[in-house]
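Each chain gets a letter, A, B and so on, in the order the sequences are listed, and its residues count up from 1. Predicted model, so just to flag it, every value in this text is computed and none were measured.
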Number of protein chains: 2
Amino acid sequence: MFDMEPEVLERFTWYMREHSALTIMFHTKVAEQMGLSATDEKCLDLAIRAEGPLTAGRIAELSGLSTGAVTGVIDRLERAGYVRRVRDPHDRRKVLVEVTPAEFVKFGHLFEKAQASLVEVLGHFDSAELEVIERYLKLQVETFRKRVIDT
Amino acid sequence: MFDMEPEVLERFTWYMREHSALTIMFHTKVAEQMGLSATDEKCLDLAIRAEGPLTAGRIAELSGLSTGAVTGVIDRLERAGYVRRVRDPHDRRKVLVEVTPAEFVKFGHLFEKAQASLVEVLGHFDSAELEVIERYLKLQVETFRKRVIDT
DNA sequence: TCGAACATCTTAGCTGCTAAGACAATTCCT
DNA sequence: AGGAATTGTCTTAGCAGCTAAGATGTTCGA
């Protein structure tokens, strides 16, 4: 820990801000290409990134939408073939949202391109440098998560 | 440049994905606290990050909204005091959207907290490491921008 | 000077959100 | 075990904000 020059902080702040704006634009464009609204894509992403299948209610909590809105989201995702509704056998009130991986083959190119540009960026660093970057990313994600929760 | 192990790439991909999701959640929450919709906040952010004042039409292009929608966005932002409509003296068809900096004082705590967590993260690295991280961020933003444009 | 092009605003119609309540399944309490 | 309260999802009414099309006002070029 050492004291940082103000311009350094300013530059890092700028990178963050720029990266945020780009992330939001990218998110919008990916959704568009998949024939979904940003909201629907956001919920689909939650379902994909979750450990097991999520319930409709859990998606409402995580996304901040009302349960009524989530019904509509799942309707559209199901109609488009991205997910399937499965009643939870242990609690038949619940609806489990199961992602159907096959549907994503169509959009493989999107993810491949994303992967390719990540590889391109990382290719400019040696393995000691990558270690530093990974430590930074890990810490950044953890810190960011805490901040998002109490905002 | 050296060849990367698949698990390393996998971990980096995970960080990216997690960071994206957090960015979108954070964006939603900031907008909420400022009494704006995510759309309005996105446009305001464009206006803040731009060099000079943007025209209404330019905001429509950059945000991907229709000109009609942008009229509504500016109405709401103006009513809330974040921006001011100024007719361009050189071309009186155009409406310049001028950000009123004073309004952001109220939300200083939001930005201070963001700044503070950035400082906290960066505090874990010495200046040689920060140089690596900055190089990474710079490259990442540039590469990401190209990818977003042709997506 | 007049018509074409341009920048923004207005409006009609539509989609998707929230809030409230209906409905069905489960759990709790006696 | 049986009725009441709780829980999870869906339905509906009303509303906000988006798009597309056209109106309005301004500029530019011949």
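A close approach under 4.0 Å does not occur between any side-chain nitrogen or oxygen of B/Thr71 and OP1 or OP2 of C/dT10.
The ring-ring contact (aromatic ring centres under 6.0 Å, His included) check on A/His27 picks up nothing, with sequence neighbours excluded. For the salt bridge (charged side-chain N to carboxylate O under 4.0 Å, His left out) test, no residue two or more places apart in sequence or in another chain qualifies with A/Lys138. Shown here are the salt bridge (charged side-chain N to carboxylate O under 4.0 Å, His left out) partners of A/Glu129, two or more places apart in sequence or in another chain: B/Arg135. Partners of A/Phe104 according to the ring-ring contact (aromatic ring centres under 6.0 Å, His included) rule, which considers only residues two or more places apart in sequence or in another chain, are A/Tyr82. Evaluation of the salt bridge (charged side-chain N to carboxylate O under 4.0 Å, His left out) rule for A/Glu78 yields A/Arg85 as partners, not counting sequence neighbours. When the side chain to side chain donor-acceptor pair (under 3.5 Å) test is applied to B/Glu18, the partners found at least two apart in sequence or on another chain are A/Arg49, A/Arg145. Take B/Arg17 and apply the salt bridge (charged side-chain N to carboxylate O under 4.0 Å, His left out) test, not counting sequence neighbours, and it matches A/Asp45.
Residue pairs meeting the salt bridge (charged side-chain N to carboxylate O under 4.0 Å, His left out) criterion with at least one member in residues 52-66 of chain A, sequence neighbours excluded, are A/Arg58-A/Glu61. Applying the salt bridge (charged side-chain N to carboxylate O under 4.0 Å, His left out) test to every pair with at least one member in residues 25-41 of chain A, sequence neighbours left out, gives these pairs: A/Asp40-A/Arg76.
Comparing B/Val70 and B/Thr67 against DNA chain D, the residue whose closest nucleotide sits nearer the 5' end is B/Val70. Where A/Arg93 and A/Asp40 meet DNA chain C, the nucleotide closest to each residue was compared, and A/Asp40 sits on the side nearer the 5' end.
Contact footprint of chain B on DNA chain D: nucleotides with an atom under 4.0 Å from a non-hydrogen protein atom, first to last in 5' to 3' order, D/dG17 to D/dT27.
For residues 54-66 of chain B, proximity to DNA chain C is found at B/Thr55, B/Ala56, B/Gly57, defined as any non-hydrogen atom under 4.0 angstrom from a strand atom. Across residues 73-92 of chain A, A/Arg76, A/Asp91, A/Arg92 each have a non-hydrogen atom less than 4.0 Å from an atom of DNA chain C (numbered order).
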From CA spacing to verdict: side chain to side chain donor-acceptor pair (under 3.5 Å), A/Gln115, B/Thr13: CA-CA 7 Å; A/Gln115 196 91 313; B/Thr13 302; 3.0 Å; yes
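Here B/Thr39 lies in heavy-atom contact (under 4.0 Å) with sugar-phosphate atoms only.
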